Amino acid sequence: MQTNRRSRIQTASVVVILFIIGTLLNIPFSRELKRLKIEAGDTSVALSDSIATDLVQTSIYGLVLGVVVVFIGLWLAKSAQLGAPVIENIFSDTTDIKYQDFFKKLLFPIGLSVVLALVLLMAHKVTRAYFPVEIIIERPSKPFYAIVSFSAGITEEIMFRFGLMSLVVALIQLFRKAKTASISVVWTGIIVSAVFFGLIHLPLSKSFSGLSLVTVSSTMIGNLITGSFFGWVYWKRGLLAAIIVHVVWDLVFHVVGSPYM
């Protein structure tokens with residue numbers, strides 16, 4: 001795909017705006033989580049009385065972090081042939097991507113996402129049945145998980161796949177002085193980003209049930225599997241596809257399946 005400086009800036013702007021929207025969508029879940037912690041007696045948590053304050057602070061955070069991640073995903077990792085091809089296609093002078101074909105090709109990874117979510121749901125149920133864990137606080141209700149599914153799908157794919165995975169691949173290419181990324185290099189980026197994807201979910205697990213061998217293992221293994229799958233989708237179909245597949249997985253696992261309810 002041929003892109004010029006203007007189209008790249010336009011693409012970058014869209015991805016940054018997406019990231020800000022994703023961070024804002026996390027506010028309801030975050031506020032509800034804080035409320036539940038306070039009700040459980042956690043004195044270290046403070047809930048802002050003004051939603052407007054949360055909106056401003058979150059928007060600034062999303063803008064700053066979004067700009068950094070987008071720089072990595074669009075410019076630094078350009079040689080890795082990763083990125084946001086569908087979004088770039090909108091602003092390019094050519095029409096390399098046919099949107100009808102894109103959505104047709106998206107059906108397979110979406111189907112895999114649903115199957116993977118159902119399999120991990122079963123594994124989660126079996127694990128909790130044989131290895132019960134102590135519940136610290138109740139979890140937010142389904143509507144909050146539905147909203148945060150879109151937040152996570154957008155922000156986590158931009159951070160971990162578009163940003164971190166692309167960065168790892170680009171650095172390995174730079175070290176090897178290679179013009180193109182081999183399959184092994186791409187998979188290294190996928191696995192590394194998936195590991196960090198798992199680590200970032202440990203604090204959330206700690207909030208609900210505390211950290212134990214069972215919770216740490218299930219969190220890391222589950223997110224390593226899903227993170228690798230999302231990384232594969234990002235590699236093969238681009239950022240927009242990875243976001244859509246991630247959102248579908250979260251909705252099936254957390255809302256339809258409700259593993260913690």
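Please read these numbers as outputs of a predicted model, since none were measured by experiment.
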To the nearest 0.5 Å, tell me how far [X] [atom1] sits from [Y] [atom2].
{"X": "S166", "Y": "L82", "atom1": "OG", "atom2": "CG", "result": "4.5 Å"}
{"X": "L239", "Y": "I154", "atom1": "CG", "atom2": "CD1", "result": "10.0 Å"}
{"X": "S217", "Y": "L224", "atom1": "OG", "atom2": "CG", "result": "12.0 Å"}
{"X": "L118", "Y": "W249", "atom1": "CG", "atom2": "CH2", "result": "10.5 Å"}
{"X": "M159", "Y": "L164", "atom1": "CE", "atom2": "CG", "result": "10.0 Å"}
{"X": "W235", "Y": "I183", "atom1": "CH2", "atom2": "CD1", "result": "5.0 Å"}

Side-chain H-bond candidate by donor/acceptor type, S205 with T215, under 3.5 Å: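 Looking only at side-chain atoms, T215 and S205 do not form any donor-acceptor pair under 3.5 Å.
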K37 vs I136 side-chain heavy atoms within contact, under 4.5 Å: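 Counting from C-beta outward, K37 and I136 never come under 4.5 Å.
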Nearest heavy-atom pair of A181 and V169: which atoms, and what distance?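 Looking at all heavy atoms of both residues, the closest pair is CB-CG1, 3.7 Å.
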Do [X] and [Y] sit in one hydrophobic cluster, given that two such residues count as connected whenever their side-chain heavy atoms are within less than 4.5 Å of each other, even indirectly?
{"X": "L213", "Y": "Y130", "value": "no"}
{"X": "F71", "Y": "I20", "value": "yes"}
{"X": "V133", "Y": "F253", "value": "no"}
{"X": "I51", "Y": "V148", "value": "yes"}
{"X": "I60", "Y": "L25", "value": "no"}

How about [X]: does its [atom1] atom have over 12 heavy atoms from other parts shown lying under 6.0 Å from it?
{"X": "E39", "atom1": "CD", "answer": "yes"}
{"X": "R35", "atom1": "CZ", "answer": "yes"}
{"X": "L106", "atom1": "CG", "answer": "yes"}
{"X": "F150", "atom1": "CZ", "answer": "no"}

Please verify the inter-ring angle class for F197 with H201; under 30° counts as parallel, over 60° as perpendicular, anything in between as tilted.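 Perpendicular.
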Which residues pass the ring-ring contact (aromatic ring centres under 6.0 Å, His included) test with F29, sequence neighbours left out?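 F29: ring-ring contact (aromatic ring centres under 6.0 Å, His included) contacts with Y145.
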